[in-house]
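Letters A, B, ... are given to chains in the order of the sequence lines, protein chains preceding strands, and every chain is numbered from 1. As a basis for the values below, the full set of heavy atoms in this structure was taken, side chains included, without hydrogen atoms, waters or symmetry mates. Given the structure is predicted, the values throughout are model-derived calculations rather than measurements.
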Amino acid sequence: MKEYDHKKIELRVQKEWEKSGIYNTTSPGSGAKLATGRLGRKFYALIEFPYPSGDGLHVGHPRPYIGMDVISRKKRMEGLNVLYPIGWDAFGLPTENYAIKTGIHPAIVTKKNTDNFRRQIKMLGISFDWTREINTTDPKYYKWTQWIFLQFFKKGLAYKAKSYINWCPSCKIGLANEEASGGICERCGSKTEKREKEQWMLAITKYADRLDKDLDLVDYPERVKIQQRNWIGKSEGSEIVFKIKIAKQMLFHGSHSNLNMVNEPNIAYAEKSTASQSFKIKVFTTRADTLFGATYVVLAPEHPLVTKFLGQVKNKKEVEEYIKKAKKKSEIERTADEKEKTGVELKGIKAINPANDEEVPVFIADYVLPDYGTGAIMAVPAHDERDFAFAKKYNLPIRQVITDADLLEGEPKDFYDGEGILIHSSKQFDYMGSEEARKKITEFVGGKIVTKFKLRDWVFSRQRYWGEPIPLVNCEKCGLVPVPDKDLPIKLPEVKSYKPTDTGESPLASISKWVNTKCPKCGGKAKRETDTMPNWAGSSWYYLRYTDPKNNKIFADKKKLKYWTPIDWYNGGMEHTTLHLLYSRFWHKFLYDLKLVPTVEPYQKRTSHGMILGEGGVKMSKSLGNVVNPDDIVKTYGADTLRVYEMFMGPFEEAVAWSTESIIGSRRFIEKVWRIAEKIAKQQLFHGSHSNLNVVHEPNIAYAEKSSASQSLKKLLHKTIKKVSEDIENMRFNTAISAMMILATEMEKVENIDAEDYKKFLQILAPFAPHITENIWYDLGEKKSIHLSAWPKWDEDLVKDQEIKIAVQVNGRVRSEILIQMDEIEDEVKKKALTDENVLKHLNKDIKRVIYVKNRVINILS
RNA sequence: GCCCGAGUGGCGGAACUGGUAUACGCGCACGACUUAAAAUCGUGUCUCGUAAGGGAUGUGGGUUCGAUUCCCACCUCGGGCACCA
């Protein structure tokens with residue numbers, strides 16, 4: 001064997017794989033034979049398909065690919081029918097911005113970028129099935145993205161509503177939230193404004209409850225579940241109605257009002273009770289138990305009732321001004337104001353607390369959000385931080401109604417938002433516990449127990465070019481008409497400029513030839529929708545397409561879906577938890593309801609990887625100039641070394657800093673593996689011709705020594721097989737590699753290595769370093785790829801130790817070590833421990849107690 | 001502010017379910033091989049102490065025969081949410 005030349009080996013091996021197509025997956029029933037020839041269960045492994053940026057891969061990208069590749073390769077060796085696909089999530093802003101700058105069509109840029117990404121990924125020897133490669137910007141793909149959108153539309157889950165977009169007044173461009181984070185335009189740095197615009201929405205809130213509940217059905221990391229649950233924000237509470245009284249003099253203008261007031265002192269506020277004009281405010285609260293402490297009511301400035309009240313309030317001007325100001329405030333300003341609360345009372349309007357019929361003032365304040373709950377709250381300053389702050393500022397009464405054992409009755413100096421026992425809540429409810437009171441009081445006032453969510457509907461349109469056109473037509477007569485299936489896909493037209501127009505419309509709007517069309521229904525004049533979809537669209541269902549990527553009748557064949565889905569293991573980034581991961585679960589459930597996919601949930605198991613940071617632990621970024629390109633690493637060290645290093649550098653789920661200095665350790669390990677192979681090759685040559693002579697010449701003692709050395713090596717090998725097998729399943733790649741390093745070091749020390757043992761080592765290393773192991777495998781005379789060989793089994797007997805060392809402690813301090821038999825009886829162990837020299841030194845006369853933990857430790861107290 | 005996660009040598013990190021803390025790797029030092037260098041191999045490498053022994057897993061308490069691991073409080077860093085009633 002020649003010197004280890006990673007370049008030659010890796011290129012050659014990769015070519016062979018490509019030729020034989022060993023990673024290409026076939027679905028059963030297609031007639032094609034599976035590469036492994038051992039058709040087991042299916043296993044669908046998935047990584048988040050990349051956005052092919054112009055910068056190419058940096059070393060952080062492949063970490064998840066390698067991780068899942070290790071798993072896929074192991075599963076394949078275990079005989080499973082593995083699907084491990086890849087594609088490109090290629091719609092997106094950087095490509096579009098590049099097009100705006102250079103005038104080059106995004107499709108051309110995309111092609112160039114995907115070519116580069118593909119080359120880089122192939123260079124790493126990931127076992128993707130390239131025959132299933134997909135691209136979200138391919139009309140054959142986005143035809144189905146559009147088709148699914150139309151199903152949403154037909155079911156009423158895609159609708160148009162007024163919403164706000166980020167508008168950069170300097171660039172005259174509408175920005176996505178990602179581009180305007182912090183209220184600053186990513187492109188020019190100026191402040192963005194909110195502009196009201198009609199937007200397409202997807203009614204994800206209709207699925208909020210199921211998206212929350214069904215998390216119980218899947219195997220996700222707890223923190224992912226928690227984060228999704230927090231995002232969905234389910235909370236149970238009560239809806240309670242406050243009746244409104246409007247001052248009578250406001251109803252009858254002028255001179256009579258005074259008289260009136262005199263005549264009807266307390267009943268001066270008349271409920272406006274003509275059938276059409278009886279006002280009520282519905283509030284949402286999770287703390288109905290505090291209802292007796294509600295001393296005012298607050299509406300969001302945007303609340304629809306506010307405009308209705310406007311004619312009747314005494315301070316109309318003031319109120320109008322406040323509303324104006326609130327609307328103008330961008331979200332950023334609202335939060336920048338931090339906790340300083342503002343509001344205006346609606347003078348002349350009172351609400352009636354249904355618990356005690358007390359009249360309380362009504363305010364509008366922007367600390368109440370218009371789109372959560374009912375957009376109106378009852379304020380209980382004694383038991384809510386925000387209400388407390390507001391009440392202090394505007395001098396409103398604070399009435400304590402919940403007490404804890406520690407809290408004394410009386411005017412609270414501060415708020416208490418915990419639970420407790422009710423006080424000042426009428427005879428009926430005093431001394432009741434919070435939990436019971438919530439139900440009872442809600443019932444008492446005729447309220448309703450309801451569930452609310454923080455989740456909002458999904459703003460689904462973008463005024464952009466590089467996305468899937470929304471396949472609807474606006475007909476003068478028929479309204480919004482979906483494009484018929486046979487006319488899909490609606491392809492992106494050629495445009496001269498990719499810049500959005502001054503009006504904030506998509507660049508598509510300026511192409512009248514494309515925009516003006518006929519109504520599919522009546523044939524009359526119609527205009528196309530010019531908005532495009534966000535890039536979360538294509539990624540919401542891509543994993544379904546992999547099962548049947550070339551189908552042109554349906555997005556994926558039902559039988560194939562039935563075989564392959566759900567995804568057995570999906571690895572991705574934490575940053576997608578509340579976006580992509582939630583969105584795609586929503587789409588999947590929708591398709592499930594249409595009986596188009598066979599499972600309720602798309603992903604059975606989800607794991608996440610940590611980022612690779614730059615040297616020193618800072619983020620890897622172009623601007624910091626610390627981006628490491630895998631091309632360079634592969635050139636100098638080889639793909640196998642890079643793969644091993646990325647798996648070894650730290651725990652897979654955690655962020656780790658890149659260190660080019662440390663890679664050498666992984667390279668040394670790979671070279672060690674190679675050196676052992678060379679030794680075995682020599683050994684085999686030697687044995688082939690001289691083996692008999694050899695045995696005769698060897699003295700007995702040497703022989704015995706050798707065999708005991710090789711016996712203990714065998715034990716170590718089997719322990720390592722076990723550890724690596726288990727570690728891979730738990731994505732503990734770093735400790736798996738450390739175990740193999742130990743094995744390699746020991747193996748190199750031994751004179752006569754059993755070639756079969758070495759091959760087993762190669763097999764467990766193969767998922768990590770697929771090239772070198774494949775090369776040596778063939779060199780050792782194997783005829784079929786190592787990646788199709790059967791995953792080695794460990795021998796339980798060899799894994800178990802007969803003799804073990806345990807620590808002996810005296811009063812909890814380790815004083816000695818003793819050798820015992822595995823599972824040796826307690827008395828024997830004690831005897832050994834109590835006669836140990838080092839132990840005796842530290843013992844006092846009387847022994848109080850001896851604690852023995854089987855096969856682990858013995859602790860003597862004296 | 002709230003919700004997650006993490007804090008262990010010079011550095012990346014190991015330690016199963018409460019049982020010998022610092023595996024493995026990097027770096028560093030010394031040694032072997034070599035005319036020499038590289039490569040490789042070997043030895044050492046938390047800290048105080050000549051030693052016996054003691055002290056160390058962010059800090060302070062607690063539970064326990066025994067705590068990196070469990071509990072309480074606090075500090076620092078990373079991530080998410082951010083007036084959600």
Side-chain angles (χ1 to χ4, degrees), chain A residues 221-231 233-235 237-238 283-287 290 294 298 331 334-335 337-341 365-369 371-380 383-387 389-390 417 452-456 574-575 577-578 610-611 613 615-617 644-645 648-651 653-666 668-669 671-672 675 723 726 732 734-742 745 748-749 805-817 841-842 848-862:
Chain A
E222 209 43 45
R223 59 189 172 134
V224 171
K225 286 191 185 183
I226 289 169
Q227 212 173 298
Q228 282 209 353
R229 287 212 157 103
N230 287 346
W231 185 263
K234 182 176 178 168
S235 74
S238 314
V283 304
F284 174 69
T285 178
T286 53
R287 293 299 302 274
T290 64
V298 190
E331 260 172 54
R334 266 202 192 188
T335 47
D337 285 358
E338 274 305 327
K339 298 275 142 84
E340 186 57 28
K341 292 188 173 43
D366 65 4
Y367 84 89
V368 173
L369 305 174
D371 47 4
Y372 180 74
T374 57
I377 61 152
M378 61 179 215
V380 186
H383 303 291
D384 181 274
E385 184 177 6
R386 297 149 300 179
D387 298 344
F390 192 82
D417 59 8
K452 300 281 179 189
F453 299 91
K454 285 186 202 170
L455 188 70
R456 294 293 117 84
M574 275 309 281
E575 70 275 18
T577 303
T578 52
M611 270 200 303
L613 305 168
E615 305 246 3
V644 167
Y645 175 63
F648 179 64
M649 60 195 298
E653 333 74 62
E654 278 163 44
V656 217
W658 179 266
S659 162
T660 298
E661 197 183 56
S662 296
I663 300 174
I664 192 68
S666 301
R668 285 180 190 148
F669 167 59
E671 281 173 2
K672 190 174 281 187
R675 282 199 307 271
K723 178 155 180 62
E726 290 167 355
R732 293 155 59 120
N734 52 335
T735 50
I737 288 169
S738 125
M740 288 189 285
M741 283 173 166
I742 295 169
T745 305
E748 203 181 16
K749 284 183 194 158
K805 252 193 230 166
I806 64 161
V808 185
Q809 301 180 331
V810 178
N811 296 326
R813 290 178 182 280
V814 178
R815 298 298 182 186
S816 187
E817 268 176 356
K841 261 195 266 176
H842 294 276
K848 287 180 193 136
R849 209 175 136 196
V850 179
I851 297 153
Y852 175 56
V853 183
K854 199 175 164 191
N855 298 331
R856 294 218 188 251
V857 77
I858 180 161
N859 190 6
I860 303 160
L861 306 181
S862 81

Worksheet item: What is the distance from CG of A/Leu613 to C1' of B/G13, rounded to the nearest Å?
Response: 15 Å
Response to the item:
Pairing partner of B/C11, by Watson-Crick or G-U wobble and under 3.5 Å for both distances, is B/G25
Worksheet item: Side chain of A/Asn859, backbone of A/Ile851: donor and acceptor closer than 3.5 Å?
Response: no
Worksheet item: Got a sec, which residues hit side chain to side chain donor-acceptor pair (under 3.5 Å) with A/Arg675, two or more places apart in sequence or on another chain?
Response: A/Glu748
Any N/O pairs under 3.5 Å between the protein and nucleotides 50-54 of chain B? List them or say none.
from  : atom 1 : to       : atom 2 : distance (Å)
B/G53 : OP1    : A/His842 : NE2    : 3.1
B/G54 : OP1    : A/Arg815 : NH2    : 3.2
B/G54 : OP2    : A/Arg815 : NH1    : 3.1

Item to complete: Send over the distance from A/Met649 CE to B/A14 P, rounded to a whole Å.
Response: 12 Å
Practice prompt. Could you let me know what B/U76 is paired to, Watson-Crick or G-U wobble, both distances under 3.5 Å, or none if it's on its own?
Written response: B/A6
Practice prompt. Mind checking salt bridge (charged side-chain N to carboxylate O under 4.0 Å, His left out) for A/Lys672 and listing every partner two or more places apart, or none if nothing turns up?
Written response: none
Practice prompt. Would you mind calling B/G60 syn or anti? Take O4'-C1'-N9-C4 for purines or O4'-C1'-N1-C2 for pyrimidines, and syn is within 90° of 0.
Written response: anti
Worksheet entry | Integer angstrom distance from the C1' of B/A82 to that of B/A73 | 26 Å
Worksheet item: Using a heavy-atom distance cut-off of less than 4.0 Å, which residues of residues 653-661 of chain A contact RNA chain B?
Response: A/Ala655, A/Val656, A/Glu661
Worksheet item: Just how far, in rounded Å, is C1' of B/G1 from CD of A/Glu340?
Response: 16 Å
Discussion item. In this structure, how many angstroms lie between the P atom of B/A14 and the CE atom of A/Met740, rounded?
Written reply: 16 Å
Worksheet, complete the sentence: The side chain to side chain donor-acceptor pair (under 3.5 Å) partners of A/Ser235 (sequence neighbours excluded) come to A/Tyr372
Fill in: Identified pairing partner of B/C30, criterion: Watson-Crick or G-U wobble below 3.5 Å
B/G42
Practice prompt. In whole angstrom, give the distance that lies between atom CZ of A/Phe390 and atom C1' of B/A85.
Written response: 14 Å
Item to complete: Determine which nucleotide pairs with B/C81, using a 3.5 Å limit on both distances of a Watson-Crick or G-U wobble pair.
Response: B/G1
Discussion item. Can you list everything that forms a side chain to side chain donor-acceptor pair (under 3.5 Å) with A/Lys854? Sequence neighbours excluded, please.
Written reply: none
Item to complete: Identify, with sequence neighbours excluded, every residue that meets salt bridge (charged side-chain N to carboxylate O under 4.0 Å, His left out) alongside A/Asp387.
Response: none
Fill in: Contacts of type side chain to side chain donor-acceptor pair (under 3.5 Å), residue A/Thr735, not counting sequence neighbours
A/Asp727
Item to complete: Could you tell me whether a side-chain N or O of A/Asp384 sits under 3.5 Å from a main-chain N or O of A/Asp417, the two making a donor and an acceptor?
Response: no
Every protein N/O lying under 3.5 Å from an N/O of nucleotides 61-66 of chain B:
from  : atom 1 : to       : atom 2 : distance (Å)
B/C65 : O2'    : A/Asn859 : ND2    : 3.3
B/C65 : O2     : A/Asn859 : ND2    : 2.4

Discussion item. Under a 3.5 Å cut-off for both contacts, is B/U57 paired Watson-Crick or G-U wobble with anything, and if yes, with which nucleotide?
Written reply: none
Quick test: give all pairs of protein nitrogen or oxygen and nucleotides 38-48 of chain B nitrogen or oxygen below 3.5 Å, distance rounded to 0.1 Å.
from  : atom 1 : to       : atom 2 : distance (Å)
B/U40 : O3'    : A/Arg675 : NH2    : 3.2
B/C41 : OP1    : A/Arg675 : NH2    : 3.2

Worksheet item: For B/G66, which nucleotide is its Watson-Crick or G-U wobble mate, given both distances must be under 3.5 Å?
Response: none
Worksheet item: salt bridge (charged side-chain N to carboxylate O under 4.0 Å, His left out) with A/Lys749: which residues, sequence neighbours excluded?
Response: A/Glu746
Worksheet entry | Non-neighbouring partners of A/Glu726 that pass salt bridge (charged side-chain N to carboxylate O under 4.0 Å, His left out), sequence neighbours left out | A/Lys722
Practice prompt. Nearest whole angstrom, please: distance from the C1' of B/G80 to the CG of A/Asn230.
Written response: 8 Å
Worksheet item: Nearest to the side chain of A/Ser738 - B/A23, B/U20, B/A85?
Response: B/A23
Worksheet item: Using a cut-off of 4.0 Å on non-hydrogen atoms, how would the nucleic acid contact of A/Ile742 be classed: base, sugar-phosphate, or nothing?
Response: sugar-phosphate
